[in-house]
There are 2 protein chains.
Amino acid sequence: MPRPPAAREKLLAAYCEIVAGEGERAATLDAVAERAGVSKGGLLYHFKSKDALADAVIEGLHETAAADRELMAAAPEGPARYFVRGSLEATSDVDTYFNAVLRLATAQHPGATDALAAIHNEWLALIRDEVGDEAVAEAIMLIGDGLYYHAALPGAGDAASTASHFRSRVEHVLEQVEVLRAAAARQR
Amino acid sequence: MPRPPAAREKLLAAYCEIVAGEGERAATLDAVAERAGVSKGGLLYHFKSKDALADAVIEGLHETAAADRELMAAAPEGPARYFVRGSLEATSDVDTYFNAVLRLATAQHPGATDALAAIHNEWLALIRDEVGDEAVAEAIMLIGDGLYYHAALPGAGDAASTASHFRSRVEHVLEQVEVLRAAAARQR
DNA sequence: GTCTATAGTAAGATAGAC
DNA sequence: GTCTATCTTACTATAGAC
C-alpha cells in the first residue's frame with residue numbers, strides 16, 4: 001500500500017491513546033497535537049476536523065478487526081476461548097482501536113456504535129459455528145463482554161487491580177465456558 | 001427527612017438524564033438548567049460547580065442502590081435471576097443513576113469507578129451466597145455485566161433493537177445460568 | 001507539509017439585582 | 001432562591017507565512 005505519512009500515523013495513535021486512556025473529552029486538538037509532537041496546524045492539515053480524526057479511528061478499527069478475525073478463526077484453542085481471553089487482555093491492536101471506538105460510542109459519535117455492533121456480530125458468528133448452539137454462543141459472548149466491561153472501565157485503584165483479579169481467575173471462567181459448551185453438546 | 005427543594009431534585013434528574021442519554025459532554029450547565037426549567041444562576045445556587053452535580057449523582061446512586069439491594073436479597077426468583085434480568089431492563093431508579101455514573105466513570109470523574117465497584121461487589125456477595133460457588137457466581141455476574149454492556153451502549157439503530165433482541169432471549173440466557181448453577185451444585 | 005497567529009465560539013463560574 | 005449580566009478560559013477552526 002502507498003505508505004501514509006508518518007505524522008498522520010502518529011496523530012492517529014496519539015488521539016486513540018488519549019481517548020482510550022483519558023476519555024474523549026481530554027482528546028482536544030491541542031492535547032493530540034502535543035502528544036504527537038506536531039503543531040495544531042499540522043494536525044489540521046492531515047485531519048480537517050476533530051470528527052475526521054474520530055472517523056479515521058473507526059476505519060482503523062475495521063481494518064485491524066478484519067485481521068484479528070483471521071487469527072480468531074484459526075486459533076488452536078478455538079474461537080470461544082480466544083475471544084474470552086482477548087476480552088480480558090485488551091493489549092492488541094484491535095483492542096486499542098476497539099477501546100477508543102467504545103469511548104466514541106458513549107460520546108455519541110455517529111457510526112461508532114454501528115462499527116462495534118458489526119464486529120461483535122462477526123465474533124458471535126465464529127463462536128456459534130464452533131459451539132453449534134445459539135444460546136450457548138450468546139452466553140459465552142456475554143461472559144466475554146462482561147470481562148471487557150471490567151477491563152475497559154478506568155481503574156478502581158487502577159485497571160491493573162481488576163484486570164489482575166480476573167487474570168488470576170480467567171482459567172476458572174474458561175472452565176465455566178467449558179461447562180456450557182459440554183452441556184450443549186450433550187443435548188445434541 | 002427534611003424534603004429538599006423541588007428545584008434541586010429537578011436539576012439532579014435533568015443532569016442524570018442528559019449524561020445517560022446524550023453523554024457527559026452534552027451535560028453543560030446551560031443544557032441542564034434549560035432542561036430543568038431553571039436559569040444557570042439558579043443551578044449554581046444549588047450546586048456550586050459541575051463537579052458538585054456529578055458528586056451528587058454518585059451519592060444518589062449509593063442511596064438507591066442500598067434500597068435495591070434489599071429487593072434483590074428478597075427476590076422470589078433469587079438474587080442471580082433478579083440481577084441478570086435487571087441488567088437487561090435498566091429502567092429502575094438505580095439503573096438511571098448507575099448508567100449516569102458509568103458515563104462519569106468513563107469521563108474519569110473521581111470516585112465514579114469506585115462507586116461502581118463497591119455496588120458491584122455487594123451484588124456479587126449476594127449471588128455468591130445464593131449459588132455457593134465463587135467461580136459460578138463470577139460467571140453469572142459476567143453474563144449480567146455483558147447484558148448491561150449491551151443495554152448501556154447507545155443504540156445501534158437505537159437501544160431498542162439490541163434490547164429487544166436480548167429480551168426475547170433473556171429466558172435462554174437464564175437457562176444457561178441455570179446450567180452453571182446446577183453443575184456447581186452437582187460438584188458439591 | 002508544518003508552523004504561528006488569530007478569529008470565533010462555547011463553557012464554567014462570579015457578582016449583584018430582585 | 002432565582003434571575004440577568006458579565007468575566008475568563010479553553011477549544012475548534014481558519015489564514016497565511018515559511
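The figures that follow rest on heavy atoms only: side chains count, while hydrogens, waters and symmetry mates do not. From a predicted model like this one, the values you see are computed outputs, not experimental measurements.
A salt bridge links B:Glu24 with B:Lys50: the distance from a Lys NZ or Arg NE/NH1/NH2 to an Asp or Glu carboxylate oxygen falls below 4.0 Å.
Ring geometry, A:Tyr149 versus B:His120: the interplanar angle falls under 30°, so the pair is classed parallel (tilted spans 30 to 60°).
With C:dG12, C:dT2, D:dT2 as the choices, the nucleotide that has an atom nearest any side-chain atom of A:His46 turns out to be C:dT2.
Considering only heavy atoms from C-beta on, A:Asp55 comes within 4.5 Å of A:His109 through its side chain.
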Please tabulate, for side-chain N and O atoms in residues 94-102 of chain A, each donor-acceptor pair with protein atoms closer than 3.5 Å (sequence neighbours left out).
residue, atom, partner, partner atom, Å
A:Asp95, OD2, A:Thr91, N, 3.1
A:Asp95, OD2, A:Ser92, N, 3.0
A:Asp95, OD2, A:Ser92, OG, 2.8
A:Thr96, OG1, A:Ser92, O, 3.1

Anything under 3.5 Å between a donor and an acceptor, one on a side chain of residues 63-72 of chain A, the other on a protein residue two or more places apart or in another chain? List them.
residue, atom, partner, partner atom, Å
A:Thr64, OG1, A:Gly60, O, 3.0
A:Thr64, OG1, A:Leu61, O, 3.2
A:Asp68, OD1, A:Tyr82, OH, 2.7

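Distances shown here put every side-chain N or O of A:Tyr45 at or beyond 4.0 Å from the OP1 or OP2 atom of C:dT2.
Here A:Ser39 lies in heavy-atom contact (under 4.0 Å) with a base.
Rounded to the nearest 0.5 angstrom, B:Gln176 CD and A:Glu138 CD are separated by 9.5 Å.
Distance CZ (B:Arg25) to P (C:dT9): 18 Å, rounded to an integer number of Å. Note: CG (A:Asp30) to C1' (D:dT12) measures 9 Å, nearest angstrom. Between the CD atom of A:Glu34 and the P atom of D:dC11 there is a distance of 11 Å, rounded to whole Å. Rounding to whole angstrom units, CD of residue B:Glu9 and C1' of D:dG1 are separated by 16 Å. Regarding B:Leu43, its CG atom lies at a distance of 15 Å from the C1' atom of D:dT4, rounded to whole Å.
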How would nucleotides 13-18 of chain C be written as a contact map, 5' to 3', with B for base contact, S for sugar-phosphate-only contact and - for no contact, using protein heavy atoms under 4.0 Å?
BB----
